[in-house]
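Step one of this worksheet: look at the structure below.
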Amino acid sequence: MGKVVVVTSGKGGVGKTTSTAALGAAVAKTGKKVALVDFDVGLRNLDLIMGAERRVVFDLVNVIQGTAKLSQALIRDKRVETLFLLPASQTRDKDALTEEGVGEVIERLRSVFDYVFCDSPAGIERGAQLAMRFADEAVIVTNPEVSSVRDSDRIIGLLDARTMKAEQGEAIAKHVLVTRYDAARAARGEMLSINDVLEILSTPLLGIIPESQDVLRASNLGSPVTLADPANVAAKAYIDAARRLEGEDLPVVVPFERKGLLNRLLGRRAA
Amino acid sequence: MNILDLFKRRTSAPVARERLQLLLAYERQSRGQPDLVSILREEIMAVIAKHVQIDQDYLQVSMERGKTMSTLEIDIQIPNKSATPLALAG
């Protein structure tokens, strides 16, 4: 039986879709069978980040409504053969997803794949709640910034109250993934530090993804950064995070850019 | 002013952390509970209505959260009976 992981955040624009693609691709590269499911009905983007936007024929809603088979809707990645994408539909009907339908699809995916990553829409409404509903684990994507941390806290509350696991009295495993981290700014006291974020959210850390231009470059190219440029610092951080997700005990290091002497001195002074 | 202050930038992260800790402590506590202020407002209104007839708009209930204590502010305006005809005449 595969593991279902929801990638969520509450706040939009923090990197849920980018992280879903990067983590999923990193896990699939190790030979595991991975399905990425886009839950952002009406605003799908995982297909674009994966570079599969022109291959979408059927989607999650078609499968739930029975107009397409699951095998018809799944798109196999052209780079990693154990990686699949189940796109969201672009319908404007907010009620296109039913809890029963989503549950059935997830159960079928779980029986075939080792990992099912659910890319949650932003917010705390129905779509976000359905994305987390059947998850065993959650990756909470957080930027070191006040509004993102507050929303993550809200999402953690929902994960502990509204998921199937929580309702059955079991704990859902939660991990914080800090993205767009700028170690130099944090050292200067201009940005919340990793410790600040972890202390506030009191949730274990999955990884720290440094702010990197190559992440945007990978999105432009339609390739998860872990496939487009595996040697990049952000890609490495994602690959490590994926290994931790698979249970490996890997120490987290703060990805630190090389800095000039002047920056170092300024960084030290305020810290 | 210390000459060093010119070089030292005021750090904002500690302020962010403190604000978040305070806010989230409150939000976690009130999670899943109905809004206290609106309950108080409703009940106060009911008590007043037993004795004086006032409009909803004349009652303001607000809560300001502090670090160790919160302040509940209740502002009830009761129009004077004698003032009403004057106001109408004016």
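Note on naming: letters A, B, ... go to the chains in the order of the sequence lines (proteins, then strands), and numbering restarts at 1 for each one.
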Query raised in the report: Taking everything shown except A/Glu170 itself, do over 12 heavy atoms lie less than 6.0 Å from its CD?
Result: yes

Query raised in the report: With a cut-off of 6.0 Å (strictly less than), are more than 12 heavy atoms of other residues, nucleotides or ligands near CD of B/Glu42?
Result: no

Report task. Could you pull out the closest heavy-atom pair between B/Pro14 and A/Gly189, with the gap in Å? Result -> CD-O, 4.1 Å

Query raised in the report: Crowded around A/Glu248 CD? As in, over 12 foreign heavy atoms under 6.0 Å?
Result: yes

Query raised in the report: For A/Glu199, is it the side chain, the backbone, both or neither that has a heavy atom under 4.5 Å from a heavy atom of chain B?
Result: side chain

Query - Toward chain A: residues of residues 70-78 of chain B with heavy atoms under 4.5 Å - result: none

Query raised in the report: CZ of A/Arg150: more than 12 outside heavy atoms within 6.0 angstrom?
Result: no

Report summary line: One should read off an interatomic distance between A/Arg185 CZ and B/Ser12 OG, to the nearest 0.5 angstrom, of 7.5 Å

Query raised in the report: Crowded around A/Arg162 CZ? As in, over 12 foreign heavy atoms under 6.0 Å?
Result: no

Query raised in the report: Roughly how far, to the nearest 0.5 Å, is the CG atom of A/Asn195 from the CZ atom of B/Arg17?
Result: 9.5 Å

Query raised in the report: Would you find more than 12 non-hydrogen atoms of other residues, nucleotides or ligands less than 6.0 Å from A/Arg154 atom CZ?
Result: no

Query - Top of A/Leu192, A/Ile156, A/Val197 for chain B proximity - count of heavy-atom pairs under 4.5 angstrom - result: A/Leu192

Requested in this report: Find out whether A/Asp153 and B/Arg28 are in side-chain contact, i.e. whether some heavy atom of one side chain is under 4.5 Å from a heavy atom of the other.
Outcome: yes

Query raised in the report: When you look at CD of A/Gln213, are more than 12 heavy atoms from neighbouring residues, nucleotides or ligands closer to it than 6.0 Å?
Result: no

Query raised in the report: Going by heavy atoms in the side chains, are A/Glu190 and B/Thr11 under 4.5 Å from each other?
Result: no

Report task. Please say whether more than 12 non-hydrogen atoms of neighbouring residues, nucleotides or ligands are located less than 6.0 Å from NZ in A/Lys174. Result -> yes

Query raised in the report: Quick one: which residues of residues 46-53 of chain B reach chain A at under 4.5 angstrom, heavy atoms only?
Result: none

Report summary line: Smallest heavy-atom separation, B/Leu20 atom then A/Val146 atom, equals CD2-O, 3.6 Å

